[in-house]
2 protein chains.
Amino acid sequence: MLNKFYHTAEDMIRHHGGRATAGRIGILATLLAEQQAITHREIEQRLPQSLQLDRVTLYRTLEWLVENGLIHKITSDDRVWRYNANLEPHSHQHAHFKCTGCAQVICLDNLPIEQNWPLPTGYRFQEIELTVKGLCANCC
Amino acid sequence: MLNKFYHTAEDMIRHHGGRATAGRIGILATLLAEQQAITHREIEQRLPQSLQLDRVTLYRTLEWLVENGLIHKITSDDRVWRYNANLEPHSHQHAHFKCTGCAQVICLDNLPIEQNWPLPTGYRFQEIELTVKGLCANCC
DNA sequence: GCTTGCGCCGCAACTGAGTTGCAACAATGA
DNA sequence: TCATTGTTGCAACTCAGTTGCGGCGCAAGC
């Protein structure tokens, strides 16, 4: 039932003081319904016929959602951003898994990431990005 | 003395059975002389006037050097590859540091990276990519 | 040293992700 | 309902990286 996600999405957006436009709700609901991180292309494809957005609008909306902490974006080696909804128990610092076969990207929540990396003197730690690569169950 | 790097570069290329062309030697020497990972743009700028290469040649040469294990390439969040020479003591699996101020990227060799990540059942580990972000000594 | 074949190089054109400027539109608050 | 202000769509752009192809040059063989 996608309706549930639309309702949740609208709530999340309003609680952040943003205008609850059809585009924002649809995009966030799409990401909430997804078990993996997906690209802007995949988001476009999953949006209903009744909600066809311009590419630029999609990019700007995703940017807004990232800035407001409702989703996060993931760097990959194919030069394409992937996006994933921020669920509550989601730690902000977590690792990702990318399948080298089908390019699927999922979040690995149960990885405790230490923050004490031995950096050169004078360097300051901010955050960490960790991607484990391998084959998913389907591609093995 | 850049000559030393040119000599080393030529040796490395010949030992891998490749043609020791001016382009390959120059690019590899440039990367050997560098303390950090640099982009294709930066490589272009550092090449001597006498060795101005076409962008395509640069990309193809870098690809060849990567395939032959003489350099490695690093994914970043600005969608630009960075390249670094593979020194002997360099472990193939190592982490990188990226300064969020000046975009400088260096290799962190002394990070022991474990290979036993708790992946979902049926998933197979291949490799890991780890980037620590923060501020370098100059940008602090 | 000279020739020759294969591999490397340069050029031109292309792809595809992401960005910018601007005018038109619509969600919200009064 | 109306006005304001933030959001959207369009067009054009940037920039990294890729592809096809003709031609040049490195290295092997003589």
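None of the values given here were measured: they were computed from a predicted structure. Both backbone and side-chain heavy atoms feed into the values below; hydrogens, waters and symmetry mates do not. So that the names make sense, note that chain A is the first sequence line, chain B the second, and so on, each numbered from 1.
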Completion exercise
dist B:Leu53:CG -> B:Leu51:CG (nearest 0.5 Å) comes out at 4.5 Å

Exercise for the section: Quick one: closest heavy-atom pair of A:Phe97 and A:Gly134, and the distance? Expected result: CZ-C, 3.6 Å

Handout entry: Rounded distance (nearest 0.5 Å) linking atom CG of A:Leu31 with atom OH of A:Tyr83
Key = 9.5 Å

Exercise for the section: Might you point out which heavy atoms bring A:Ile13 and A:Ile25 nearest each other, and give the distance in Å? Expected result: CD1-N, 3.7 Å

Exercise for the section: Mind grabbing the angle between the end helix axes of the helix from C:dG1-D:dC30 to C:dA30-D:dT1? Five pairs an end, 10° rounding. Expected result: 30°

Practice task
For the residue pair B:His72 and B:His94, categorise the inter-ring angle as parallel (less than 30°), tilted (30 to 60°) or perpendicular (more than 60°).
Solution key: perpendicular

Completion exercise
Counted 5' to 3', the first and last nucleotides of DNA chain D within 4.0 Å (strictly under) of a heavy-atom of chain A are D:dT5 to D:dG17

Exercise for the section: Starting at OG of A:Ser76, measure out to CD of B:Glu129 and round the result to the nearest 0.5 Å. Expected result: 8.0 Å

Problem - Base versus backbone protein contacts along nucleotides 24-30 of chain C [heavy-atom cut-off under 4.0 Å; B, S, -] - result: --BBS--

Completion exercise
Ordered by number, residues from residues 34-45 of chain B within less than 4.0 Å of DNA chain C (heavy atoms) are none

Fill in the blank from the handout: So, with a heavy-atom separation below 4.0 Å from DNA chain D, the residues of residues 54-62 of chain B are B:Arg55, B:Val56, B:Tyr59, B:Arg60

Exercise for the section: May I ask you to verify if any side-chain N or O of A:Trp81 is less than 4.0 angstrom from the OP1 or OP2 atom of C:dA17? Expected result: no

Exercise for the section: Keeping to residues at least two apart or across chains, list the side-chain hydrogen bond (donor to acceptor under 3.5 Å, both in side chains) pairs with something in residues 55-65 of chain B. Expected result: B:His40-B:Tyr59

Handout entry: Distance-minimising heavy-atom pair for B:Ala37 and B:Ile74
Key = CB-CD1, 3.6 Å

Problem - Whole-Å gap separating P (C:dG7) and CZ (B:Arg24) - result: 11 Å

